[in-house]
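Here is the naming used below: chain letters follow the sequence lines, and residue numbers restart at 1 for every chain.
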2 protein chains.
Amino acid sequence: MKYDLNQKITRGAQRTLSAFTQSMFTLLAKESFEKIKVNELCELSNFPRATFYNYFQDKYDLLNYCWRVLADQINVVELTSLDHKEIPMQFFDRAYDLLSENKALFDQIMAHNEVDGTLINSFSSYMKTVTRDYLTQYFNQTASNLPIELVVNHFSNTILMLIEWIFLTNHPVTKEQGHQYLRALLGNL
Amino acid sequence: MKYDLNQKITRGAQRTLSAFTQSMFTLLAKESFEKIKVNELCELSNFPRATFYNYFQDKYDLLNYCWRVLADQINVVELTSLDHKEIPMQFFDRAYDLLSENKALFDQIMAHNEVDGTLINSFSSYMKTVTRDYLTQYFNQTASNLPIELVVNHFSNTILMLIEWIFLTNHPVTKEQGHQYLRALLGNL
DNA sequence: AGATGATATATACAAGTGTCCAATTTTATT
DNA sequence: AATAAAATTGGACACTTGTATATATCATCT
């Protein structure tokens, strides 16, 4: 990301960021990520190439920003103190809702992109970071004698594996059924 | 992969495949994957660009083939009937040995490539496929009422997460300690 | 309204990518 | 050793990428 998101974002900058983000999602619904050219994104957004490169290193950079925009919805509610055991479930619920709300978009994306391609890898990678950061806040100590990092990784992986199984490989499952699966997979940790 | 690996591989083809594979590993130990150019690979291998493109779509394709060459060592021994519970441990052991034997290589690679970069994603992705294929052979049924696919994914993810934690982020752990961790993480499934 | 700093734009450029093709060399087989 | 199939080669090509720079336009503040 060439543009500094921490500074005050001007109206023009916001317009540009939104335009490119929107264009990326539009194109992803129509063709594979590999085939998308920076020129296409610029034409659809009505901005010259130079502007694109003012904001992003390359299309991967923009893609990452897209996930960020999407996933930002997930952190709206701050959690008050909760039973430790319920934290993963809470996060699963939020991810479930997020993907549900954007189900149409993801369905279209999956129609043009391989499950193990660059695009989904990028999504998984971003979500993994978000999930780990979130869980790390609440897992200061663990009952078992396992390194905390391992436990956090394991919980993140499991939650996301289930989410991706449900929404990206089209295995419709209710939220309650998801809870059952998650509980069974995570066992007594 | 443009070249058909199922046909009889001629001496010349084998020489070419090996040369490019070797060059890729050599360069990965020296610089990041992103910086490696097809021209570099060709110069080091003493083959013209046209030959490279006779075999591979692009450098990502070659990278994938490299993982294949590396991981092929893992499947040497055929398993006889074993206790179901021991299958994941067996696979962990093989992966552990494979990474141990190539520890020097991976250490060098990690010195120039990010843990969450394209390179490691590609490695993870390939290993995940191999692991899933392997486990699927032996997990025809599961004790719990979970979909088999979920269980296989979960086991693969956990084994690989641990392997990567040990070898790619440099947390030295003995094989026996690894077994303990794995047993704790997988619980009673 | 005018000054200032941020953003947008046009254009040019070097470098890398991936494809194609026709000629040549190597290899496997008889 | 002759033959046919397979692999290598060099060169040309269109296209995409990412950078750089100078100028123009916009937004915000006093």
Side-chain angles (χ1 to χ4, degrees), chain A residues 1-24 27-28 30-66 69 114 117-119 122, chain B residues 1-24 27-28 30-66 69 112-114 117-119 122:
Chain A
M1 196 83 183
K2 282 183 186 162
Y3 188 83
D4 178 14
L5 290 175
N6 296 320
Q7 70 179 325
K8 219 186 304 176
I9 299 176
T10 62
R11 226 191 302 166
Q14 188 53 61
R15 211 188 310 140
T16 311
L17 285 167
S18 301
F20 280 119
T21 305
Q22 189 52 53
S23 296
M24 177 60 98
L27 289 179
L28 281 178
K30 286 195 205 154
E31 57 184 329
S32 85
F33 178 68
E34 316 296 341
K35 281 189 186 162
I36 296 176
K37 306 299 169 200
V38 174
N39 281 327
E40 266 188 290
L41 290 160
C42 292
E43 279 181 36
L44 194 56
S45 310
N46 285 306
F47 282 104
R49 287 169 53 75
T51 301
F52 177 89
Y53 285 110
N54 282 343
Y55 287 83
F56 309 102
Q57 310 265 4
D58 45 40
K59 63 175 181 171
Y60 300 90
D61 198 21
L62 167 57
L63 182 61
N64 205 55
Y65 177 73
C66 287
V69 168
E114 300 291 330
T118 312
L119 180 98
S122 157
Chain B
M1 197 83 181
K2 282 183 187 164
Y3 188 82
D4 178 15
L5 289 175
N6 295 319
Q7 69 179 322
K8 220 185 302 177
I9 299 176
T10 63
R11 225 190 304 165
Q14 187 53 62
R15 213 188 308 141
T16 311
L17 285 167
S18 301
F20 279 118
T21 305
Q22 188 53 54
S23 296
M24 177 59 97
L27 289 179
L28 281 178
K30 286 195 204 152
E31 56 184 329
S32 84
F33 178 68
E34 314 298 340
K35 283 188 184 161
I36 297 177
K37 305 299 167 198
V38 174
N39 281 327
E40 267 188 290
L41 289 160
C42 291
E43 278 180 36
L44 195 56
S45 310
N46 286 306
F47 281 103
R49 286 170 55 74
T51 302
F52 177 89
Y53 285 109
N54 282 343
Y55 286 83
F56 309 103
Q57 310 265 4
D58 46 41
K59 63 175 181 172
Y60 300 90
D61 197 22
L62 166 57
L63 183 60
N64 204 54
Y65 177 73
C66 287
V69 168
H112 301 282
N113 292 274
E114 301 292 328
T118 312
L119 181 96
S122 156

Subject >> Residue pair A:F33, A:M24: steps toward the side chain to side chain contact (heavy atoms under 4.5 Å, CB included) verdict >> reply: CA-CA 9 Å; A:F33 178 68; A:M24 177 60 98; 3.6 Å; yes

Original post:
Which is it for B:F52 and B:F47 under the side chain to side chain contact (heavy atoms under 4.5 Å, CB included) test, yes or no, and what are the steps along the way?
Top reply: CA-CA 7 Å; B:F52 177 89; B:F47 281 103; over 6 Å; no

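For A:A13, the side-chain contact (heavy atoms from CB on, under 4.5 Å) partners are A:Y3, A:I9, A:T10, A:Y55, not counting sequence neighbours. Every residue meeting the side chain to side chain donor-acceptor pair (under 3.5 Å) condition with A:T118, not counting sequence neighbours, appears here in chain and number order: A:E34. Contacts of A:S18 classified as side-chain contact (heavy atoms from CB on, under 4.5 Å), with partners at least two apart in sequence or in another chain: A:Q14. Residues satisfying the side chain to side chain donor-acceptor pair (under 3.5 Å) criterion with A:N39, sequence neighbours excluded, are A:R49. The side chain to side chain donor-acceptor pair (under 3.5 Å) check on B:S23 picks up B:S45, with sequence neighbours excluded. Every side-chain contact (heavy atoms from CB on, under 4.5 Å) that B:K30 has, sequence neighbours left out, goes to B:T26. Evaluation of the side-chain contact (heavy atoms from CB on, under 4.5 Å) rule for A:Q57 yields A:K2, A:D61 as partners, not counting sequence neighbours. The side chain to side chain donor-acceptor pair (under 3.5 Å) check on A:Q7 picks up nothing, with sequence neighbours excluded.
At least one side-chain heavy atom of A:I36 sits under 4.5 Å from a side-chain heavy atom of A:L41. The side-chain heavy atoms of B:T16 and B:N54, taken from C-beta on, include no pair separated by under 4.5 Å.
Within the structure, every side-chain polar atom (N or O) of A:K59 is placed at least 4.0 Å from both OP1 and OP2 of D:dG18.
Contact check of residues 35-55 of chain B against DNA chain C (heavy atom, cut-off under 4.0 Å) returns B:K37, B:V38, B:R49, B:Y53.
From the 5' end on, the contacts that DNA chain C makes with chain B at under 4.0 Å to a non-hydrogen atom open and close at C:dG16 to C:dT29.
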N/O-N/O pairs, protein side and nucleotides 26-30 of chain D side, under 3.5 Å:
| from | atom 1 | to | atom 2 | distance (Å) |
| --- | --- | --- | --- | --- |
| D:dA27 | OP1 | A:R15 | NH2 | 3.2 |
| D:dT28 | OP2 | A:R11 | NH2 | 2.4 |

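Defining each end axis of the helix from C:dA1-D:dT30 to C:dT30-D:dA1 as the rotation carrying four pairs' C1' atoms onto the next four, with five pairs an end, the two axes are found to diverge by 30° to 10 degrees.
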